[in-house]
Amino acid sequence: MYRRAGTIIILIFSLLVISCAGTETDHAGKTVFRYNESKGITTLDPAFARNQTIIWPVSQLFNGLVQLNDSLRVEPCIAHSWEIENNGTLYRFHLRRDVLFHSSPLLNAGQRRVTAHDFVYSFSRILDPEVASPGSWIFDYLDPGKMFRAEDDSTLLVYLKEPFPPFLSILAMPYCSVVPEEVVENTGTDFAHAPIGTGPFRFQHWSADEKLVLLKNTEYFEQDDVGVQLPYMDAVSITFIKDKQSEFLEFLKGNLDFLSGVHIAYKDELLTGSGKLNPAYADRFRLLTEPYLNTEYLGILQEDLNGEPHVLQDRLLRQAINYGFDRNKMMLYLRNNLGYPANAGMIPPGLAGHLEQGEGYVFNPDLAMELLRQAGYGGDIQPGPIVLTTTSDYLDLCEFIQFELNKIGIPVEINVSTGASFRNLVANGNLQFFRGSWIADYADAENYLALFYTPNRTPDGPNYSRFSSVEFDRLYKTAIGEPNEEDRIELYRKMDSLVMAESPVIPLFYDMVVRFAPLNIEGFSPNPMNNLVLKFVRKTN
C-alpha cells in the first residue's frame, strides 16, 4: 500500500501549483521537452559517450550509419542500405545524399552534406590514442590491415578480420556517430561543449550546472511514416538539479516532462507496494515500463581463490544456491516488482535467445537440500566458509539471500566493499562470491555470452567468474560465425542453458526501464536499451 498521508500532502501541494503549471507551450509558443539530469553532463562529444547521462543528449545531436528501433532491430540511418560480402567480412554502406551537418560558420561554406570521408575521419578518431576514446574497443573486430575506407563520397567500406554478425548492432552505438573534421580539428576540446552534428536537434546553449538547450534541426533528413519531417518538438531543455526530491517536485509542478527510474525520494509516493502507479496520480501521469537489458546476478569464482581451492567450486553446491531462494518474493518485497525474477538464464528478456521462465532456476528448497546431501552436506555438516562480497547499494538483496540460504543449511557471510575496491577485486579474480550486473553494450545476446568465453578470463575481459568450458567455447565460435539469425539464436540458447547447468553465476533479476510522464506527452516509448528517443515525441494540450 502507498503512504496515504504523504499522498494527501503532495496532492494539496499539486493543487496549489497546477494552475500555473506549463502546458505544451514554452518560450513564445515553442514546444519544449524538459528533463533533468541530476548527475550532470561532462561532455557532448560522442567519442566519450560511455554512460547514459552522456548518451541521451548525444543521441539528439548526432547520427550514425544505422540505428535501433524500439524492438532493437537495426534500421537505416545515414546509410540507406548496405551489403555484407566476402563471407561476412566486408560491409559496404551506401549513404544518403541529403544529410547535412548543422549549419555553423565553422563549416566550409557554413553548411555541407555528410560524406563517406567523414565516417573515415570519425572512426579513425575513435581509434586515435591521443583522443583516448573509451569506445575504441568497438573496432577490435576490424581487419587491422584494411579497417575502413571511402570508395567514393557515398560509399563506405568496413573490413572485419572475421565474421561477426552483431557488428551492425555495435555500429548503432553513439561512439560511431559522424562528426565534421574541420570543426573538430579547429575547435579541439571545445567541440565537447559546443558540438556540430547531424541529429534531430542542434546545440544552442549550455550553462554548467544550470541548463543545456538544444533546438530543432529544421533541415533534419528523417520523416515519420506519413512523410512529416522530424522532430516534432521545437527544443529540448535539460536541467541539472542534483537533489532528487527537488527534481520530483519540479515534475509535479509540470516543469519536467518525465522522471527516469525509481528513487527512494519518491518511490513510495508514486508507486503502490506491487509496483503499480499510485491511483491518486492516474489522472496526471502514466507509468511506462519495458524490459531493460540488464541482468543482476551473483558471480562465483571457478578457479582457486588466492591459490587455494574453495567450496563453491562444487557444481552441486552452486546449483543448490540457485534453487535455494525465492526470486519472486525478493522482487515483491525489495523491488516493488520493478523487474523480472531471473528464473531463466543470463540473457535478459528483450533479446533474441532469452530462455523461457523456468528453463533456469525456480525456488525449490527440497531439491536444494537434496543437492546439498549429494554434495556431502547435511545435519551438522555445512559448507563453508562462503563469503559474499557486495557494495552497499545491493546489501538488502544479499541479506535476503543470506537469510533464505541459511534456512536450508548454507551459511553465508556478507562482506561490504566500496565501489572502486570492489571492481578491482572482481576484475582480478580475488573474490569467491560477488554481486555483479551486466548492462548490454549492444543489442545482441552475444554480449552476455561473452562473459563466459575462455579468452575473456583476464582483468580487462568480462569473464569475471573465470568460467571455462571447451563445449561452450566451441558453440560460441560457431555462433559468432553463423550468418543465419535463427540458427545463431538457437546456439545462443544452447550456450545459456550450458551456463545455467554449470552455475558459475546465480541470476537474480532482469531489470526494468521505468519512466513517469505526464498524460500530454505522446510518442515517448521506453525501449530495452533505455535509449532516449525524442524525435518522435509530441506535446498536446
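- For P383 against G409, the heavy-atom pair with the smallest separation is CD-O, 3.5 Å.
- Atom NZ of K494 has 12 or fewer neighbouring heavy atoms from other residues, nucleotides or ligands inside a 6.0 Å radius.
- Considering F516, F251, F248, W56 as possible partners of F258, the one that fulfils the ring-ring contact (aromatic ring centres under 6.0 Å, His included) test is W56.
- Side chain of D143 to backbone of M147: no donor-acceptor contact under 3.5 angstrom is found.
- Looking at Q52 and N530, their side chains do bring a donor and an acceptor atom within 3.5 Å of each other.
- With a 6.0 Å radius and a threshold of 12 heavy atoms from other residues, nucleotides or ligands, R457 has its CZ atom above the threshold.
- The two atoms that bring P57 and Y35 nearest to each other are CD-OH, 3.8 Å, heavy atoms only.
- Of the possible polar contacts, one joining the N463 side chain to the R466 backbone as a donor-acceptor pair under 3.5 Å is found.
- Among Y159, W82, F93, Y91, the single residue meeting the ring-ring contact (aromatic ring centres under 6.0 Å, His included) criterion with F167 is Y91.
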Check: Given the rule in the side-chain contact (heavy atoms from CB on, under 4.5 Å) test, do L298 and V505 qualify, once you have shown the distances and angles that lead to the verdict?
Finding: CA-CA 6 Å; L298 302 180; V505 291; over 6 Å; no
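- Remark: side-chain polar atoms of E502 are not paired, donor with acceptor, to backbone N or O of V499 under 3.5 angstrom.
- Checked by atom type, the side-chain pair T43/D45 shows no donor-acceptor distance below 3.5 Å.
- Counting heavy atoms from C-beta on, the side chains of L301 and F433 never come closer than 4.5 Å.
- You'll find the side chain of I408 stays beyond 4.5 Å of the side chain of F325, heavy atoms only.
- In this model, no donor atom of one side chain and acceptor atom of the other lie less than 3.5 Å apart for S169 and D444.
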Item checked: Candidate pair L397 and L334, rule side-chain contact (heavy atoms from CB on, under 4.5 Å), full reasoning -> CA-CA 7 Å; L397 285 174; L334 299 182; 3.9 Å; yes
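- For the pair S122 (side chain) and V179 (backbone), a donor-acceptor distance under 3.5 Å is present.
- Looking at N278, its side chain never comes within 3.5 Å of a backbone N or O of T272 through a donor-acceptor pair.
- A donor-acceptor pair under 3.5 Å is absent between the side-chain atoms of H310 and the main chain of L305, judged by distance alone.
- Using a cutoff of 4.0 Å between basic side-chain nitrogens and carboxylate oxygens, R335 and D511 are not scored as salt-bridged.
- If you take CG on N336 and OG on S274, they are separated by 8.0 Å, rounding to the nearest 0.5 Å.
- Between F139 and I126 there is a side-chain heavy-atom pair separated by less than 4.5 Å.
- Between L72 and L351, the closest side-chain pair of non-hydrogen atoms falls below 4.5 Å.
- Across all non-hydrogen atoms, the minimal contact from E370 to R373 is OE2-NH2, 2.6 Å.
- Judged by distance alone, the side chain of Q302 and the main-chain N or O of I300 form a donor-acceptor pair under 3.5 Å.
- In this structure, the separation between CZ on R435 and OG1 on T391 is 5.0 Å, given to the nearest 0.5 Å.
- Listed here is the closest heavy atom pair of M495 and A479: CE-CB, 3.7 Å.
- For the pair N456/L451, no side-chain contact is recorded, criterion being any heavy-atom separation below 4.5 Å from C-beta on.
- Here CZ of R423 is found 13.0 Å from CG of N428. Values are rounded to the nearest 0.5 Å.
- Using a cutoff of 4.0 Å between basic side-chain nitrogens and carboxylate oxygens, E485 and R73 are scored as salt-bridged.
- The 12-atom threshold is exceeded at CD of E85, counting heavy atoms of other residues, nucleotides or ligands nearer than 6.0 Å.
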Next item on the list: Evaluate the salt bridge (charged side-chain N to carboxylate O under 4.0 Å, His left out) criterion for residues K329 and E404: first the C-alpha distance (whole Å), next the side-chain angles of each, then the deciding distance (0.1 Å), finally the verdict.
Entry: CA-CA 11 Å; K329 185 166 71 172; E404 294 288 294; 3.6 Å; yes
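- We find the CD-OH distance between E446 and Y453 to be 10.0 Å, quoted to the nearest 0.5 Å.
- Side-chain contact between P46 and Y175: absent, with no pair of heavy atoms (C-beta onward) separated by less than 4.5 Å.
- Under the 3.5 Å distance criterion, the side-chain polar atoms of E482 are matched with a main-chain donor or acceptor of N484.
- Atom CD of E413 is separated from atom SG of C398 by 13.0 Å, given to the nearest 0.5 angstrom.
- Residue A49 comes nearest to I54 through the heavy atom pair CA-CG2, 3.7 Å, listed as atom of the first residue, atom of the second, then distance.
- When side chains are defined from C-beta on, L157 counts as touching L90, because their heavy atoms get closer than 4.5 Å.
- A donor and an acceptor atom, one from each side chain of Y476 and T454, are nowhere located under 3.5 Å apart.
- S136 contributes atom OG, which lies 8.0 Å from atom CD1 of I138 (distance to the nearest 0.5 angstrom).
- No more than 12 heavy atoms of other residues, nucleotides or ligands shown are found within 6.0 angstrom of CG on N87.
- If you check the side chains of E296 and N294, you find a donor sitting under 3.5 Å from an acceptor.
- Between N343 and Y361, the closest side-chain pair of non-hydrogen atoms is not below 4.5 Å.
- Within 6.0 Å of the CG atom in D209, the count of heavy atoms belonging to other residues, nucleotides or ligands does not exceed 12.
- Between F164 and Y141, the ring-plane angle classifies as parallel under the 30° and 60° cut-offs.
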Next item on the list: Would you check, one step at a time, whether the test side-chain contact (heavy atoms from CB on, under 4.5 Å) holds for K244 with S38?
Entry: CA-CA 7 Å; K244 300 300 287 188; S38 61; 3.6 Å; yes
Next item on the list: Evaluate the criterion salt bridge (charged side-chain N to carboxylate O under 4.0 Å, His left out) for residue pair E247 and K39; output intermediate values, then yes/no.
Entry: CA-CA 12 Å; E247 176 188 71; K39 296 178 181 177; over 6 Å; no
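- Between Y340 and F509, a ring centre-to-centre spacing not shorter than 6.0 Å is recorded.
- Between the side chain of S421 and the main chain of T418, no donor-acceptor pair closer than 3.5 Å is present.
- In this structure, the side chain of R493 does not engage the main chain of L355 through any donor-acceptor pair within 3.5 Å.
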Next item on the list: Could you go through the side-chain contact (heavy atoms from CB on, under 4.5 Å) check for T389 and S417 one step at a time?
Entry: CA-CA 7 Å; T389 304; S417 179; 3.9 Å; yes
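- The shortest non-hydrogen separation linking R327 to P507 is NE-O, 2.7 Å.
- Annotation: Y510 is not in aromatic contact with W438 [ring centroid separation under 6.0 Å not met].
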